[in-house]
Each structure stands twice: as C-alpha cells, then as structure tokens.
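A short write-up of the structure that comes next.
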Amino acid sequence: MGYISPDGLANLKKYAYKGVDKSLLSRYVLNPFWTWLVTLWPTWVAPNVITLSGLCMVLLNFAMLIYYDPEYLSEKGGADGPPHWVYFTWAAGLFIYQSFDAIDGKQARRTGMAGPLGEMFDHGCDALNTTLEVILTGRALNLSRSWWTVASQSAALANFYLTTWEEYHTGQLYLAVFSGPVEGILLIVGLYVVSGILGPTFWDTPALTFTGLEKIPFITKYVPNKGLNEFIMAFGAVVLAFNIITSYINVYKAKIASGDKAFQPLWHLLPFPLTVAIQVAWLSSPSFSRSFILNSPLFVPLLCSWGLQFAHQVGRMILAHVTKQPFPWWDWMWMWSLIGAVDANMPRLLNRREKYLRCTEMSFFLRYKLCLGLPSFSTLLRT
C-alpha cells in the first residue's frame with residue numbers, strides 16, 4: 001500500500017475509533033451474548049487472533065464447497081453435492097465468524113490493545129469474508145454460475161464500499177437499523193439452515209406459487225412469478241438502494257457540520273463502479289449470454305481475484321482514514337483485471353467478430369501458452 005508520510009504517522013497516533021450501532025437486534029439480543037462470550041477468552045489472546053480465527057471458520061466452509069463441488073455447478077448444472085449437512089456447518093461457521101468479529105474490539109479494549117492496526121485488520125478480514133460468503137450463498141441458493149451471482153457480488157461489495165466511504169468522510173462507522181454485519185449475516189445463516197433442511201433446489205420454487213399470490217390476478221399481472229432466489233436478489237437491490245441513501249445522508253450531515261462541500265464526496269464513489277465495469281467486461285466475453293468464464297470452473301477463481309482486489313482497495317481507504325490522508329482514487333491491482341478485460345475483448349475492439357469465440361478462449365489461457373503450445377495472439381490474428 002506504499003509508505004505512510006510523516007504527517008500520516010502523526011495522525012495515526014491521534015486516531016481513536018468511533019462507531020454508531022443503531023441495530024435493535026444487536027443492542028438487545030446479540031450484544032449481551034457477545035459481552036459474555038468475550039469473557040471466555042484469556043486476556044493474553046490478541047484481538048487479531050480472534051478475528052483471524054473467525055475468518056478461518058469461513059475459509060473452512062469455502063474449502064468444503066471446493067471439495068464437494070469444485071466446478072461450482074449447483075444442482076441445476078448437474079452437481080450432486082454438497083450433502084445437506086454441509087449447509088448447517090456453513091451456518092455455524094458464519095455465525096461464529098460474526099461473533100468473533102464482534103468481540104475482537106471488546107477484547108482489544110479489555111486488554112488495552114485497541115488501535116488503528118486492529119481496525120485495518122478487522123476490515124480486511126471482513127472484505128475477504130464478503131466475497132467468500134457471496135460464493136457460498138450463490139451455491140446455497142442454487143444460483144452458482146449465473147449473472148445473479150455476479151450481481152450479488154457487486155451488491156455485497158457495494159455495501160461494504162459505501163460503509164468504508166462513509167467512515168472515511170464522517171470519521172466514524174455507522175451501522176443502521178438493518179446492516180450487513182448484523183441482520184445481513186443472520187439472514188444468510190437462515191438461508192443456509194433452510195438449504196440444509198430442504199436443499200438448494202427449494203429456492204427455485206416460484207415465489208408467487210410458494211406464497212399463494214399466484215391466485216390473485218392483479219399481482220400476477222405486474223409481478224413475474226420468478227424463483228425465491230431471484231426475489232432474494234431483488235430484495236438485496238432494495239437494501240443497497242436504502243444504504244446508498246442513508247450513507248449519503250450521514251456524509252451530507254457531517255460535511256455541513258464541518259463546513260465542507262457536501263457534494264464533493266460523491267466523486268469518491270466513482271472508483272467502485274469502475275472496478276465493477278472492468279470485471280463485467282472481462283466476464284461478458286465473448287458475449288453477455290455466452291460468457292466463457294461464467295460457464296467454466298474459472299468463475300470462482302475470478303470472483304476470488306475480484307474479492308482480493310477489493311480488499312486491497314478498501315484497505316487503502318481505511319489506511320487513508322486512520323492517517324487522514326487524501327482519498328485513494330487509484331489502485332494498481334486493478335491493472336490485472338483491466339489487462340484481462342482488454343485481452344478477452346480484443347477481437348471485439350479490433351472488429352474481428354468472426355474469430356471472436358476462438359480468440360476469447362485463447363486469450364484467457366494466454367498466460368499458459370508456453371506450456372500448452374498455444375499460438376500467440378498476433379499469430380491468431382494473422383490467420
């Protein structure tokens with residue numbers, strides 16, 4: 001992430017964490033449980049160890065997915081696994097992650113280890129967990145290799161980016177009445193439990209049929225009878241829109257109170273849609289309906305690569321926040337995806353559509369051409 005300037009180091013020493021949690025579920029139900037849970041940890045255990053232990057639970061869940069469904073096919077794609085009991089372990093692993101993520105700060109204050117390093121490590125683990133849970137949730141909802149999973153990844157990362165952007169401009173972390181770290185995670189835990197009981201194919205059940213609303217002509221006239229999984233994706237879009245509005249309201253109030261320009265922070269939202277556009281451009285080769293990567297085992301590695309790049313991006317934002325440095329507009333890690341997107345779409349850019357599919361299949365494996373004996377891109381264009 002580069003070096004911290006002397007001014008940044010001076011600001012780092014002055015940093016103090018500030019947070020606002022408006023969740024009723026967190027305040028009256030979960031927080032008493034977390035307050036008890038942290039007492040089970042010895043005071044010699046570092047807070048970051050607790051955070052990392054929680055992330056390891058999620059990594060174990062992810063490893064189980066790769067073991068039982070390495071191609072990420074889902075039942076619709078012909079996969080036989082994972083067994084239903086695996087989804088219960090995913091629910092347990094995610095709940096443990098949430099609990100450990102909630103008590104690491106309590107452990108830090110309990111042991112006198114609170115500081116900006118812990119906040120950066122916590123946010124980094126949260127960013128990694130976001131992508132892993134998108135992949136696992138896509139499998140539990142029987143979506144897997146679909147643009148719905150891409151949309152879910154975009155929406156989940158957008159919510160995380162908004163929270164980080166909001167914290168950068170307001171100086172404190174806001175958790176609304178409905179937030180991803182609390183209610184959002186518990187909803188996903190519930191989805192895993194339902195998938196464990198009824199199986200992932202349950203989520204393909206048409207929503208209007210399941211609720212009995214298909215018998216009402218007025219509703220069927222305007223609402224398509226799509227699967228429950230697609231309605232859950234639509235609900236996620238509504239939550240994202242709500243978070244965009246509430247996040248900006250908080251930023252607007254903070255800027256007005258400090259006498260700064262209220263609309264200038266909106267420019268700092270631009271890097272995120274840019275990165276999403278790069279990933280979608282790579283995925284939409286050779287065409288949106290015939291995506292080569294989306295319909296191959298390479299889909300999960302691409303999502304993981306996207307998640308790692310995002311974690312680095314928001315990590316730099318948090319670093320800028322705790323050191324009071326300028327907002328990081330550019331992240332060099334985007335270059336890898338940008339090169340991949342340009343390479344995959346080169347036939348379209350050069351108007352060589354008759355060789356489009358062939359070029360796309362070759363371009364993704366360009367990095368392996370020496371060991372596989374594939375021709376170079378320039379040689380292919382001359383044919």
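Here the side chains of Cys125 and Asn129 are not in contact, with every heavy-atom distance at 4.5 Å or above. Residues Ser195 and His84 form no side-chain contact, since every pair of their non-hydrogen atoms from C-beta on lies 4.5 Å or further apart. Proximity of Gln153 to Trp148: side-chain heavy atoms (C-beta onward) are nowhere separated by under 4.5 Å. Annotation: side chain of Asp101 is not in contact with side chain of Ile185 (no heavy-atom distance under 4.5 Å). Within the 4.5 Å cutoff, no side-chain heavy atoms of Met317 are placed close to those of His123. Looking at heavy atoms from C-beta onward, Leu198 lies out of side-chain contact with Trp203 at the 4.5 angstrom threshold. The side-chain heavy atoms of Leu157 and Val314, taken from C-beta on, include no pair separated by under 4.5 Å. Residues Ser146 and Leu143 meet the side-chain proximity criterion, which asks for heavy atoms closer than 4.5 Å.
A ring-centre distance under 6.0 Å is not found for Phe235 and Phe231. The aromatic ring centres of His268 and His169 sit less than 6.0 Å apart.
Here the closest heavy-atom approach between residue Trp147 and residue Ser291 is recorded as CZ2-CB, 4.2 Å. For Arg145 against Glu71, the heavy-atom pair with the smallest separation is NH2-O, 2.7 Å. Of all non-hydrogen atoms in Gly171 and His321, the two that sit nearest each other are CA-CE1, 3.7 Å. Taking each heavy atom of Phe327 and Pro271 in turn, the nearest pair found is CE2-CG, 4.3 Å. The minimum heavy-atom distance linking Phe299 with Ser144 is given by the pair CE2-O, 3.6 Å. Shortest non-hydrogen contact noted between Leu9 and Ile4 is N-CG2, 3.6 Å.
Note on Leu55: it clusters hydrophobically with Ile66, by side-chain heavy-atom contacts below 4.5 Å among ILVMFWY residues. In the hydrophobic clustering of this structure, Phe310 groups with Leu308; members are Ile, Leu, Val, Met, Phe, Trp, Tyr whose side-chain heavy atoms approach within less than 4.5 Å, directly or through other members. Each of Phe210 and Leu213 belongs to its own hydrophobic cluster when Ile, Leu, Val, Met, Phe, Trp and Tyr are linked at side-chain heavy-atom distances under 4.5 angstrom. Each of Met113 and Trp41 belongs to its own hydrophobic cluster when Ile, Leu, Val, Met, Phe, Trp and Tyr are linked at side-chain heavy-atom distances under 4.5 angstrom. Cluster annotation: Tyr67 is connected to Met64 through the hydrophobic network of ILVMFWY side chains, with a link wherever side-chain heavy atoms come within less than 4.5 Å.
Looking at Thr51, its side chain never comes within 3.5 Å of a backbone N or O of Asp104 through a donor-acceptor pair. Side chain of Ser26 to main chain of Ser23: no donor-acceptor pair is present (N/O by atom type, distance under 3.5 Å, no hydrogens or angles). Proximity of a side-chain donor or acceptor of Arg316 to a complementary backbone N or O of Trp330 within less than 3.5 Å is detected. Without hydrogens or angle criteria, Thr111 side chain to Thr43 main chain gives no donor-acceptor distance under 3.5 Å. Thr163 places a side-chain N or O within 3.5 Å of a backbone atom of Asn159 that can act as its donor or acceptor partner. At distances below 3.5 Å, at least one donor-acceptor pair connects side-chain atoms of Thr220 with backbone N or O atoms of Pro217. A donor-acceptor contact shorter than 3.5 Å links the side chain of Gln107 to the backbone of Val45. Checking side-chain atoms of Thr209 against main-chain N and O of Thr205 turns up no donor-acceptor pair under 3.5 Å. One N or O on the side chain of Gln98 and one on the backbone of Pro181 form a donor-acceptor pair closer than 3.5 Å. In this structure a side-chain-to-backbone donor-acceptor pair under 3.5 Å is present from Ser53 to Val49.
Side-chain contact check for Thr275 and Trp334: no donor-acceptor pair (N or O, by modelled atom type) lies under 3.5 Å. Residues Asp126 and Tyr97 bring a donor and an acceptor atom of their side chains to less than 3.5 Å of each other. Side-chain N/O atoms of Thr137 and Tyr192 include a donor and acceptor closer than 3.5 Å. Using modelled atom types, one finds no donor on one side chain facing an acceptor on the other under 3.5 Å when comparing Asn142 with Asn229. When only modelled atom types and interatomic distance are considered, Ser5 and Asp7 share no side-chain donor-acceptor pair under 3.5 Å. Side-chain contact of Asp331 with Gln313: a donor-acceptor pair under 3.5 Å is absent, judged by distance alone. When only modelled atom types and interatomic distance are considered, Lys106 and Asn31 share a side-chain donor-acceptor pair under 3.5 Å. Side-chain atoms of Gln172 and Tyr174 include a donor-acceptor pair closer than 3.5 Å.
The aromatic rings of Trp336 and Trp332 sit perpendicular to each other, their planes meeting at more than 60°, with 30° as the lower class boundary.
Of the candidates Trp329, Trp267, Tyr161, Tyr161 is the only one forming a ring pair (Phe, Tyr, Trp, His ring centres under 6.0 Å) with Phe272. When the options Val134, Thr149, Val86, Leu65 are evaluated for a side-chain contact (heavy atoms from CB on, under 4.5 Å) with Arg139, the one that passes is Leu65.
The number of heavy atoms from other shown groups lying within 6.0 Å of NZ (Lys324) does not exceed 12. Applying the 6.0 Å contact sphere to CZ of Phe202 captures more than 12 heavy atoms from other residues, nucleotides or ligands.
Note that NZ of Lys14 is 12.5 Å distant from OG1 of Thr323, once rounded to the nearest 0.5 Å. To the nearest 0.5 Å, atom OH of residue Tyr87 and atom CH2 of residue Trp90 are 5.0 Å apart. Between atom CE of residue Met120 and atom CG of residue Asp122 there is a gap of 11.5 Å, rounded to the nearest 0.5 Å. Distance check, rounded to the nearest 0.5 Å: CZ of Phe242 to CD1 of Ile245 gives 8.0 Å. Note that CG of Leu128 is 11.5 Å distant from CZ of Phe62, once rounded to the nearest 0.5 Å. Taking OH of Tyr72 as the reference point, atom CG of Leu303 lies at 7.0 Å (rounded to 0.5 Å).
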When you look at Leu302 and Ser337, which way does the side-chain contact (heavy atoms from CB on, under 4.5 Å) test go after all the steps?
CA-CA 9 Å; Leu302 184 136; Ser337 293; over 6 Å; no
Does the side-chain contact (heavy atoms from CB on, under 4.5 Å) test come out yes or no for Trp165 and Ser247, once each step is laid out?
CA-CA 9 Å; Trp165 167 82; Ser247 292; 4.1 Å; yes
Does the side-chain contact (heavy atoms from CB on, under 4.5 Å) test come out yes or no for Leu173 and Val20, once each step is laid out?
CA-CA 6 Å; Leu173 177 64; Val20 176; over 6 Å; no
Before you tell me yes or no, could you show the steps for Met335 and Gln309 under side-chain contact (heavy atoms from CB on, under 4.5 Å), namely the whole-Å CA-CA distance, both residues' side-chain angles and the distance that decides it to 0.1 Å?
CA-CA 10 Å; Met335 286 300 301; Gln309 293 178 30; over 6 Å; no
